[in-house]
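In what follows, a single structure is set out as structure tokens and then discussed.
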2 protein chains.
Amino acid sequence: MDALGDGTRRQILERLRRGPMAVGELAQGLPVSRPAVSQHLRVLKGAGLVAERRDGTRRLYRVDTDGLAEVREYFESFWADVLAAFEAAAEAEAEMEDE
Amino acid sequence: MDALGDGTRRQILERLRRGPMAVGELAQGLPVSRPAVSQHLRVLKGAGLVAERRDGTRRLYRVDTDGLAEVREYFESFWADVLAAFEAAAEAEAEMEDE
DNA sequence: CCAGTGCGTAAGTTGCCACTAACGGTAAGT
DNA sequence: ACTTACCGTTAGTGGCAACTTACGCACTGG
């Protein structure tokens, strides 16, 4: 979750959104050098958000479905709580007007 | 979205999860000073993730439902793309074994 | 009107992190 | 074996952002 803080890392995930990609291809089009991309990929991998697969000298990275699912579930439960609190507040305000 | 990068800000949102809270009450229990909390709240407000309501000398903060909904929608579309790419890759691999 | 409370803001400092440059390592082609 | 392509790692640096301290403002009660 902390890995989503950096803008470049979000750009990387955005480029991996539709399918796997190699590191060089990934760095091509990003405003940073290739080693920087490697470092970001290490962070993302440590966070369980991406996974790698070797293909000759290249390494193909893809978004890790399991890791993203965890973030998604946390987000959904958070959203549910916030929505419940919002509706409870609206109902409490409605009762105020009745008195 | 960039506002979710900091851990303290996520703690603040976590404390606002079940309902509104004042700034002092919010800072109480966090490992940082009250002005630091104010600065974080300003960032979160700029990102549209929280909203304030004055109550005497106090200011009650709550999670902004609309702002959070935007982040949620982006997340859902991202999740849909990743899942589609994953299933497409699995299907392509299944065809490989047929040949 | 005068404390006291509850916050926001400005200024200044420190620590961390994203970045580049240089190097080393592995796989494939000739 | 030599070369080339592709990538990870390390060391070192610069800039930014989160933090504290000090100050000023708005509101409330006496």
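Excluded from the calculations below are hydrogen atoms, water molecules and symmetry mates; all remaining heavy atoms, backbone and side chain alike, are included. In what follows, every chain begins at residue 1, and chains take the letters A, B, ... in the order their sequences are listed.
A sub-4.0 Å separation between OP1 or OP2 of dT20(D) and a side-chain N or O of S33(B) is present. At the phosphate of dG8(C), OP1 or OP2 sits under 4.0 Å from a side-chain N or O atom of Y61(B).
Following rounding to the nearest Å, L26(A) (CG) and dC7(D) (P) show an atom-to-atom distance of 9 Å. The interatomic distance linking R54(B) (CZ) with dC25(D) (P) rounds to 15 Å, in whole Å. The CG-C1' distance, from L60(B) to dC27(D), rounds to 14 Å in whole Å. Atom-to-atom, CZ of R10(B) to P of dA17(D) comes out at 16 Å; the value is rounded to the nearest Å. If you take CD of Q11(A) and P of dC19(C), they are 9 Å apart, rounded to a whole angstrom. Here the C1' atom of nucleotide dG6(C) and the CG atom of L41(B) are 13 Å apart, to the nearest Å. Straight-line distance from the CG atom of D55(A) to the C1' atom of dA27(C): 11 Å, rounded to whole Å.
Surrounding CD of E76(A) are more than 12 heavy atoms belonging to other residues, nucleotides or ligands, all under 6.0 Å away. For E14(A), the CD atom is densely surrounded, since the number of other residues' heavy atoms within 6.0 Å is greater than 12. Annotation for F86(A): atom CZ does not count as buried by contact number, only 12 or fewer foreign heavy atoms lying within 6.0 Å.
For the pair E25(B) and R15(B), the salt-bridge criterion is not met [side-chain N within less than 4.0 Å of a carboxylate O]. Residues R10(B) and D2(A) are paired through a salt bridge, judged by an N-O separation under 4.0 Å between the basic side chain and the carboxylate.
Residues of residues 44-52 of chain A that place a heavy atom closer than 4.0 Å to DNA chain C do not occur.
Counting only N and O atoms by type, the side chains of T65(B) and R72(B) include no donor and acceptor under 3.5 Å apart. Side-chain polar atoms of R59(A) and S38(A) form no donor-acceptor pair below 3.5 angstrom.
Each of V37(A), L16(A), L13(A), L44(A) was scored for a side chain to side chain contact (heavy atoms under 4.5 Å, CB included) with Y61(A), with one residue passing: L16(A).
Nearer the 5' end of DNA chain C, as judged by each residue's closest nucleotide, is the contact made by R42(B), out of V37(A) and R42(B).
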Discussion item. Between R9(B) and V43(B), is the side-chain contact (heavy atoms from CB on, under 4.5 Å) condition met? List the steps.
Written reply: CA-CA 9 Å; R9(B) 271 191 299 263; V43(B) 174; 3.7 Å; yes
Item to complete: Determine, step by step, whether L41(A) and L26(A) satisfy the side-chain contact (heavy atoms from CB on, under 4.5 Å) criterion, reporting the C-alpha distance in whole Å, the side-chain angles of both residues, the deciding distance to 0.1 Å, and the verdict.
Response: CA-CA 10 Å; L41(A) 286 172; L26(A) 208 48; 4.2 Å; yes
Do any N or O atoms of the protein come closer than 3.5 Å to N or O atoms of nucleotides 1-6 of chain D, and which pairs are they?
residue	atom	partner	partner atom	Å
dC6(D)	O4'	T57(A)	OG1	3.3

At a cut-off of 3.5 Å, list every protein nitrogen or oxygen paired with a nitrogen or oxygen from nucleotides 11-18 of chain C, distance to 0.1 Å.
residue	atom	partner	partner atom	Å
dA18(C)	OP2	R9(A)	NH1	3.3

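For the pair D55(B) (side chain) and R58(B) (backbone), a donor-acceptor distance under 3.5 Å is absent.
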